[in-house]
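Let me begin by presenting the structure, written as structure tokens, before commenting on it.
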Amino acid sequence: MVKKGYFGNWGGAFIPEVLHQTFAELEHHFKTAQADPAFWQEYVDLMSTYSCRPTPLTHAENLSKHFGGAQIYIKREDLNHTGAHKANNVMGQGLLVKRMGKTRVIAETGAGQHGVATATMAAKFGFDCTIYMGEVDVQRQRPNVFWMEKMGATVVPVRDGSRTLKDAINEAFRDWVTNVDTTHYVFGTACGPAPFPEMVSWFQSIVGNEAYEQMRIQHGKNPARIYACVGGGSNAMGIFGRFLEEEGVELIGVEAGGKGVETGQHAARLCGNDASPGVAQGYRTMFLQNDDGQMLETHSVAAGLDYVGVSPILSDLWEQGKVRFTAATDQEVMDVLDLTMKKEGIIPALESAHGFVQAFKDAPEMSTDEGIIINMSGRGDKDIFTIAHAFDDPSWKEFIVQRAREYSK
Amino acid sequence: MVKKGYFGNWGGAFIPEVLHQTFAELEHHFKTAQADPAFWQEYVDLMSTYSCRPTPLTHAENLSKHFGGAQIYIKREDLNHTGAHKANNVMGQGLLVKRMGKTRVIAETGAGQHGVATATMAAKFGFDCTIYMGEVDVQRQRPNVFWMEKMGATVVPVRDGSRTLKDAINEAFRDWVTNVDTTHYVFGTACGPAPFPEMVSWFQSIVGNEAYEQMRIQHGKNPARIYACVGGGSNAMGIFGRFLEEEGVELIGVEAGGKGVETGQHAARLCGNDASPGVAQGYRTMFLQNDDGQMLETHSVAAGLDYVGVSPILSDLWEQGKVRFTAATDQEVMDVLDLTMKKEGIIPALESAHGFVQAFKDAPEMSTDEGIIINMSGRGDKDIFTIAHAFDDPSWKEFIVQRAREYSK
Amino acid sequence: MQLEQHLRKSLEHKDILLMTHIVLGYPSFEVNREVIRQMVDNGVDCIEMQIPFSEPMADGPVIMKANLDSLAIGTRVEECLAFGKEMAATHSIPFLYMTYYNIIFKYGEERFIEACTEAGITGLIVPDLPPEQSEIFFRHARERNIAPILIYSPTSTHERMKELDDSGSGFIYCVARRGVTGKKSDLDEDFTSYLQRCRAATSKPLAVGFGIQSADDINALRGIADMAVIGSQTIRLVDEQGPEAVGPFIAELRG
Amino acid sequence: MQLEQHLRKSLEHKDILLMTHIVLGYPSFEVNREVIRQMVDNGVDCIEMQIPFSEPMADGPVIMKANLDSLAIGTRVEECLAFGKEMAATHSIPFLYMTYYNIIFKYGEERFIEACTEAGITGLIVPDLPPEQSEIFFRHARERNIAPILIYSPTSTHERMKELDDSGSGFIYCVARRGVTGKKSDLDEDFTSYLQRCRAATSKPLAVGFGIQSADDINALRGIADMAVIGSQTIRLVDEQGPEAVGPFIAELRG
Ligand SMILES: Cc1ncc(COP(=O)(O)O)c(C=O)c1O
Ligand SMILES: Cc1ncc(COP(=O)(O)O)c(C=O)c1O
């Protein structure tokens with residue numbers, strides 16, 4: 001028998017005692033909500049009136065023709081309110097927070113997407129909100145910080161450790177253990193202590209449920225393959241969920257290959273050789289760590305994939321061979337971004353573009369009556385500072401320099 | 001009898017002879033498409049798989065409570081692909097271009113939204129694309145220029161006249177008369193020579209059609225009032241259309257009051273005293289012009305409202321007293337933006353925020369069982385450079401200066 | 001018929017006429033005056049004086065800039081009308097106004113035509129006013145013997161040309177190619193067959209404009225057109241070499 | 001029962017015991033050695049040595065920084081184990097390791113406990129390891145007489161306290177308040193009733209930690225707790241005044 005909160009060898013809830021009671025309550029409310037069809041209906045209604053669910057499934061005809069193989073479909077999580085799938089999880093947790101009677105939410109954020117989504121949800125539900133964000137990420141994602149603050153949230157730059165996502169998580173936990181009575185920690189991905197992996201995956205399952213129906217209508221049958229980028233794993237779990245038990249649907253998770261999985265500068269947990277089983281940030285999974293169990297620095301052009309751990313549910317699916325894992329390098333991501341914009345007029349987030357990379361590698365080998373879905377977890381136009389920078393765009397640089405000149409006067 | 005292409009005293013097609021034939025063809029294809037239910041179905045299908053139509057109608061419960069009057073509903077055009085209602089018009093015209101067998105599209109753009117939408121459509125349909133944009137706007141909207149270019153479009157900065165929207169329109173016409181055989185000019189709003197005002201309004205009517213149904217379901221009856229900002233007038237025509245013949249629905253168009261309608265620094269055509277009937281850019285309407293008929297400079301914090309003319313259809317509705325026109329100042333817009341973000345977690349475009357201003361003035365006086373709709377024509381997060389600047393945000397400035405320092409090295 | 005008759009008379013002893021173009025108030029009325037004098041002295045047959053407009057949609061960069069610069073130094077419509085009157089009184093060739101419709105519309109169509117009559121102006125070129133769009137304007141113009149000049153383009157069908165012929169008078173302005181003023185046109189085979197189409201549609205004299213820049217261009221028009229229109233080229237010349245360069249340039253064109 | 005017996009013996013002639021905390025390798029093992037010597041010499045009853053971890057989630061800024069700085073200069077787990085062995089051999093008081101679970105997990109739970117036994121370590125504090133999460137760890141620890149110290153918090157219910165009591169041994173570490181290490185706690189009425197709840201749930205000695213900083217704090221614990229834990233305060237002291245300040249500080253605490 002698998003232990004509560006575990007997925008095979010992975011998961012669990014490695015939490016300080018002070019959180020024990022709050023996790024018990026969270027678990028209780030989550031399970032009650034899960035068993036209550038009215039809750040899910042409330043969630044779906046909220047998402048369809050406040051965000052734009054169901055999000056479309058776009059048949060990328062030009063890309064399909066370009067590669068001459070599989071029919072490529074793109075699940076458009078970019079069209080969610082706040083621009084990414086993060087909204088699904090956050091709004092769902094918002095409803096739970098209301099049920100739990102708490103008045104304050106906190107969250108970690110890397111790319112800033114989850115922070116913006118949480119600040120948005122807090123504004124909508126009238127919660128106080130504090131967002132923890134590594135100082136490095138605050139610097140590279142200033143626009144997101146601006147919006148979070150405008151939405152009424154307090155953004156706390158985290159100056160410890162690698163000053164990125166994992167440090168923001170640690171800091172959020174420190175807040176939580178201090179303010180546990182009033183506060184819910186809105187975990188941003190399918191990681192962390194149980195029940196977060198399961199709960200986040202449950203809220204995100206709305207993506208796969210929609211895609212399943214849409215694919216039947218638009219393609220007439222199940223997809224042969226489904227691609228999703230894997231940071232913490234929430235968008236992947238979201239789209240994979242409904243298809244896990246379907247025959248003949250291959251699921252592919254794409255991790256951040258950074259400068260190459262052989263360089264050590266990446267965030268490939270399940271497809272490289274640098275990760276090993278470990279326990280940190282409250283859960284057991286494959287971590288990028290050294291022999292002593294100290295976490296390593298990671299690298300990706302996509303802040304949202306730049307993380308040491310991965311969903312324990314995905315570690316389990318990996319171990320069972322139910323999901324194939326690959327990596328996309330920063331360079332491949334930029335190339336694919338370029339192609340996708342030019343061919344389809346669609347701007348994937350840097351994170352999402354990782355899924356596109358592998359899909360584009362595989363599509364030409366497939367037959368034209370097979371369909372594949374790429375989960376486009378978010379939109380890239382929020383990443384203008386990163387993307388314009390990565391493309392080394394001269395007029396962008398000139399624009400920034402000129403703006404700065406005005407501000408320095 | 002009203003003349004073809006006229007709306008009361010307004011409209012017409014004041015075009016150089018070289019365009020006569022192409023307008024005849026455009027008119028023909030438009031009328032054929034309009035009479036063909038399959039065309040509209042193709043359009044709706046495209047919009048629901050490529051963009052996310054129907055866009056939601058969000059009940060802004062917090063704002064409604066805050067003002068204690070009418071129930072405020074927000075029509076979420078911000079959730080369209082590319083972030084504004086502009087996509088509706090552009091994708092519709094894209095389908096017409098395909099029917100006409102042309103291979104190249106051009107467009108003017110002010111805020112950049114219409115340019116981005118057109119570049120996106122061109123990428124999707126495989127058209128060549130050139131976007132004309134006033135040099136002033138190129139400078140203030142560089143991120144949009146970056147995306148247009150990445151989507152494969154050529155962006156031409158227009159250095160004549162006031163170097164803003166109207167000059168971009170003139171330049172687009174110059175291109176069109178030169179390349180009329182291959183090229184369609186994707187006019188961005190419900191202005192310009194006939195059949196553009198009618199055609200753009202037709203494509204945008206999808207907004208009001210949806211809102212009509214959604215309001216019945218969510219509010220149980222028609223709204224008492226509907227608010228929309230008015231630049232050229234396309235989003236206003238879009239949401240007003242379905243309700244024009246409905247009893248008891250007041251329609252309110254909100255123009256750019258800039259620094260105040262009494263200061264001369266505004267773009268209030270229908271609600272101030274500075275405009276008079278005129279003919280320019282191919283159509284007859286109320287223009288901001290001097291006694292000689294020379295166009296005046298306009299001002300608005302919202303580039304998309306910063307325009308001398310207005311839809312001839314709206315001039316007609318104004319003359320008939322069927323739409324009430326008011327103005328919102330730059331300052332009112334910033335205040336309302338702040339409130340809306342904090343209360344609802346929603347970021348209206350600066351343009352759209354004009355509609356919110358008037359709605360918030362009126363709502364407290366209304367009864368709680370009345371409903372109002374605000375058309376949120378676009379999202380504000382694309383305007384980060386303008387909004388952060390307008391809020392005079394110190395950490396934003398610091399961020400820009402620091403970025404520039406890296407680029408100046 | 002005043003204008004057409006005038007042109008036909010000139011055509012009795014010339015195989016091709018020359019119409020030139022200036023933008024009023026650019027760079028100044030004084031320079032306009034001098035340029036016109038040199039044009040008339042060197043055998044120009046007809047002059048179109050453009051009243052500047054802030055939105056010169058059908059003009060290319062040279063004329064557009066002249067429009068905007070003229071307005072920038074404060075040129076007013078009344079001044080243009082007064083200047084036109086002075087020119088018509090001073091010189092014996094026909095003078096026309098070219099402008100965009102809004103200038104006329106805003107001034108009042110009847111009032112504007114009245115002013116033309118008073119000034120001795122013989123024709124009006126309004127590139128953004130197709131005949132369908134203002135019945136009043138065309139009626140008044142014809143009643144007052146001010147020729148509304150209509151424009152043919154290579155994209156015009158035969159039917160359209162006939163229609164335009166019915167509404168216009170004075171002459172037909174054939175634009176040599178698609179596009180705006182100022183860029184050189186290829187006067188090639190396609191062009192010749194286009195002009196044949198024009199000739200077949202109207203019995204009015206044919207003027208050809210857009211990109212006519214040299215004696216060679218004018219020679220190419222001899223026999224197929226009745227009048228050549230020099231637009232942007234003289235503006236460029238004045239910009240670069242001053243008004244005194246205009247006389248020799250025209251003389252050279254006249255051959 | 002080794003550790004608990006040891007503490008009970010000490011409690012026979014002291015009304016409250018003192019446990020102190022150091023982060024291994026911070027600022028260096030040499031300083032650790034000196035600090036421990038001074039602690040022992042001045043009457044500390046028990047020392048928890050923290051093996052640094054890169055993600056010290058339950059620690060406040062002072063101890064967190066010490067963890068990260070120690071790792072930054074290259075501190076390895078093996079070194080920590082060797083140092084612990086040296087200390088246990090040198091001094092006669094009980095030594096514990098405090099660390100996060102991943103250090104133990106990665107080392108191998110059995111192997112780690114083996115190493116503790118060999119080093120003469122008597123207890124283990126693992127703040128992110130609730131008893132449910134590793135049956136193996138708790139079983140092995142108890143078998144090898146290494147006390148797994150469990151933690152009570154003000155949010156723990158009576159049932160939970162009983163459960164924890166069943167799995168832990170040595171003593172119960174009662175955290176004085178919600179939050180992380182390093183900030184002062186109010187030892188007020190709520191706190192007293194919390195400690196009464198703790199006492200009712202276990203017969204093990206009660207240690208109180210988190211924000212205990214002064215002789216006054218320790219006095220407040222007399223009679224309601226068995227051991228006071230000084231954490232961040234000595235690290236601050238060493239940072240600011242050097243290791244030689246530790247002896248006098250402890251002496252003063254002991255009163
Ligand atoms: C757009 C987008 N996609 C993907 C991710 C990665 O998260 P996950 O793997 O949980 O979907 C992020 C995280 O910030 C994101 O912003
Ligand atoms: C978001 C948005 N709203 C409104 C407008 C104004 O245009 P219209 O009046 O045609 O809706 C624009 C124009 O760029 C826009 O971008």
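None of these values were measured; they are calculated from a predicted model. Residue numbering restarts at 1 for every chain, and letters A, B, ... go by the order of the sequence lines.
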Option that, when pairs with chain B are counted at under 4.5 Å, heavy atom only, ranks first among [options]:
options: A:E406, A:K397, A:E61, A:K382; answer: A:K397
options: A:T82, A:D78, A:I387; answer: A:I387
options: A:D381, A:T120, A:D338; answer: A:D381
options: A:F125, A:F391, A:F385; answer: A:F385
options: A:Q218, A:E344, A:K150; answer: A:K150

Which bit of [X] is near chain B, if near means a heavy-atom gap under 4.5 Å: side chain, backbone, both or neither?
X: A:T55; value: neither
X: A:R405; value: neither
X: A:L57; value: backbone
X: A:Q139; value: both
X: A:N80; value: backbone
X: A:K343; value: backbone
X: A:L337; value: neither
X: A:S395; value: both
X: A:L46; value: neither
X: A:H389; value: both
X: A:Y50; value: both
X: A:R76; value: side chain

* Asked: Below 4.5 Å, heavy atoms only, C-beta onward: do A:P223 and A:I372 meet side chain to side chain?
  ->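 Side-chain contact under 4.5 Å: no.
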
* Among B:M151, B:E398, B:M121, which residue forms the greatest number of heavy-atom pairs with chain A at distances under 4.5 Å? ->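 Between B:M151, B:E398, B:M121, the count favours B:M151.
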
* Do you know which of B:A119, B:G126, B:A153, B:S51 has the most heavy-atom pairs under 4.5 Å to chain A? ->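 Ranked by heavy-atom pairs under 4.5 Å with chain A, first place is B:S51.
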
* Which atom pair, heavy atoms only, marks the closest approach of B:V186 to B:H114? ->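 Scanning both residues completely, I find the closest heavy atoms to be O-NE2, 2.8 Å.
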
* Asked: Quick one: do the A:S352 and A:S377 side chains pair a donor with an acceptor below 3.5 Å?
  ->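 The answer is yes; a qualifying pair exists.
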
* Can you label the angle between the B:F360 ring and the B:F67 ring as parallel, tilted or perpendicular, going by 30° and 60°? =>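 Taking B:F67 first and then B:F360, their aromatic rings sit tilted (interplane angle of 30° to 60°).
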
* Under 4.5 Å from a heavy atom of chain A, the part of B:I74 involved ->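 Neither part, no heavy atoms under 4.5 Å.
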
* chain A contact via B:Q402 - which portion, at a heavy-atom distance below 4.5 Å ->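 Side chain of B:Q402 only, per the 4.5 Å heavy-atom cut-off to chain A.
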
* Asked: Looking only at atom types and distance, does a side-chain atom of B:S64 sit under 3.5 Å from a main-chain N or O of B:I72, one as donor and one as acceptor?
  ->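 The answer is yes, because a donor-acceptor pair under 3.5 Å joins these two groups.
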
* Using atom types as modelled and distance alone, determine if a side-chain donor or acceptor of A:N375 lies under 3.5 Å from a backbone N or O of A:N235. =>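 It does hold such a pair.
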
* Asked: Under 6.0 Å from the NZ atom of B:K342, do we count more than 12 heavy atoms belonging to anything else shown?
  ->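 Yes, enclosed.
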
* May I ask you to say whether A:D393 pairs ionically with B:R142, meaning some side-chain N is under 4.0 Å from a carboxylate O? =>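 The answer is no: the pair does not qualify as a salt bridge.
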
